[in-house]
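Only this structure's heavy atoms are used, side chains among them; waters, hydrogens and symmetry mates stay out. Whatever order the structure lists them in is the order used to number ligands and atoms, beginning at 1.
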Amino acid sequence: MSRIVVTGRIPEAGLDVLRRAGEVWAWDADEPIPDDVRDRQLATADAAVTLLTDRVDDAFLAAGPGLRVVANVAVGYNNIDVAACRERGVVVTNTPGVLTDATADLAMALTLMVTRRLGEGERLIRAGTPWQWGMFMMLGSGLQGRQLGVIGMGAIGEALADRARAFGMTIAYHNRRAVDAATEERLGARLVGLHELLETSDVVSLNCPYSDATHHLIDAAALDRMQETAFLVNTARGPIVDEAALATALRDGRIAGAALDVFEHEPDVHPDLLGLDNVVLVPHLGSATIETRSAMAELAARNVVEILAGREPLTPVSA
Ligand code: DGY
């Protein structure tokens, strides 16, 4: 019987599928699994189900010499050394598709929060600060007729653009290649260079994967290109943004605001961001709905089932 190691807590929907495929051992606590416990379990494992907080590197793979698959319960897989897995013949899978709507919803929510100063308003009330409705009180920026610039027009970028269209925004995007003509037409979206996107967008949303190529894509120079009235929204991965440079740009009013779901040194947040009112900070909630997390766990589990049965995985990733 195959042995499957699950390195963190996942919804029952995933465990149910896994239990039909083999003997399942799952770390059942919210804190990260200690390396020695993990390594003991991996020693006899055929499959590992991992979370984005796991580092699947040489040490992980060496601990699990019998591994045939690493199924990440996330669409992003920058936590996995895919090349090292491939060298050892270990298949890597992720969970695209099932979290598209939840993540796009969150990106839209963050866009509204930061442009309408909702976090600031909430903090004001919770602090017991006296206030009264006023014509000029806490004015934000409307979205109608404004340009959303999407960096990374994959499924989540497209789903966000759909939502932004419903709010009356126009869409520009920057991507390795153009999306198909029908999608461009539906979204009224135009492909532009990165500099043009940064210089002309009212809201810049990061929806690209994290890799060496996108590390600090948004650095001081990129922030300088943005308009003083523009906002940055990151629901992708923290290290795409140079957080220190962002804190400086926000403090100096170089851009109007930012909303971050992900952080450069997660779960730590740059201390300079914490005191700023023009930044919304939420703890990596992009896919955090009950339905979505169940669907992610189930898809990861189904990938394990396929590999252990000698079939092709549903959603493999390549290096
Ligand atoms: C992912 O799946 O990569 C997301 O970041 C999880 O919320």
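- Shown in contact with Leu99 at under 4.0 Å from a heavy atom are these atoms of ligand 1, numbered in order with element: 2 (O).
- With ligand atoms numbered from 1 in the order given, ligand 1 contributes 1 (C), 3 (O), 4 (C), 5 (O) to contacts under 4.0 Å with heavy atoms of Arg237.
- Summarising the geometry, atom CE belonging to Met226 is positioned 9.0 Å from atom CG belonging to Leu197; distances are rounded to the nearest 0.5 Å.
- Contacts of Leu52 with ligand 1, taken as heavy-atom pairs under 4.0 Å, involve the side chain alone.
- The shortest N/O to N/O separation between Gly286 and ligand 1 does not fall below 3.5 Å.
- By the 3.5 Å distance cut-off applied to N or O atoms, Thr95 is not counted among the residues near ligand 1.
- Here's the thing with Gly76: one of its N/O atoms is less than 3.5 angstrom from an N/O atom of ligand 1.
- Nearest approach of Leu42 to Phe60, heavy atoms of both residues: CD1-O, 3.6 Å.
- The nearest protein atom to atom 6 (C) of ligand 1, hydrogens excluded, is given as Ser287 OG, 3.3 Å; this is a heavy-atom distance.
- Side-chain contact between Val75 and Met296 is absent, with no heavy atoms from C-beta onward closer than 4.5 Å.
- For the side chain to side chain donor-acceptor pair (under 3.5 Å) with Asn72, the qualifying choice from Asn79, Thr315, Thr95 is Asn79, the only one to do so.
- The distance from ligand 1 to the heavy atoms of His284 drops below 4.0 Å at these ligand atoms: 4 (C), 5 (O), 6 (C), 7 (O).
- Every atom of ligand 1 is numbered from 1 in the order shown, and the set under 4.0 Å from a heavy atom of Val75 is 1 (C), 2 (O), 3 (O).
- Environment of CD in Glu31: crowded, with over 12 heavy atoms of neighbouring residues, nucleotides or ligands closer than 6.0 Å.
- A donor-acceptor pair under 3.5 Å is formed between the side chain of Asp242 and the backbone N or O of Ala244.
- Judged by distance alone, with hydrogens and angles left aside, the side-chain atoms of Tyr173 form no donor-acceptor pair with the main-chain N or O of Gly157 at under 3.5 Å.
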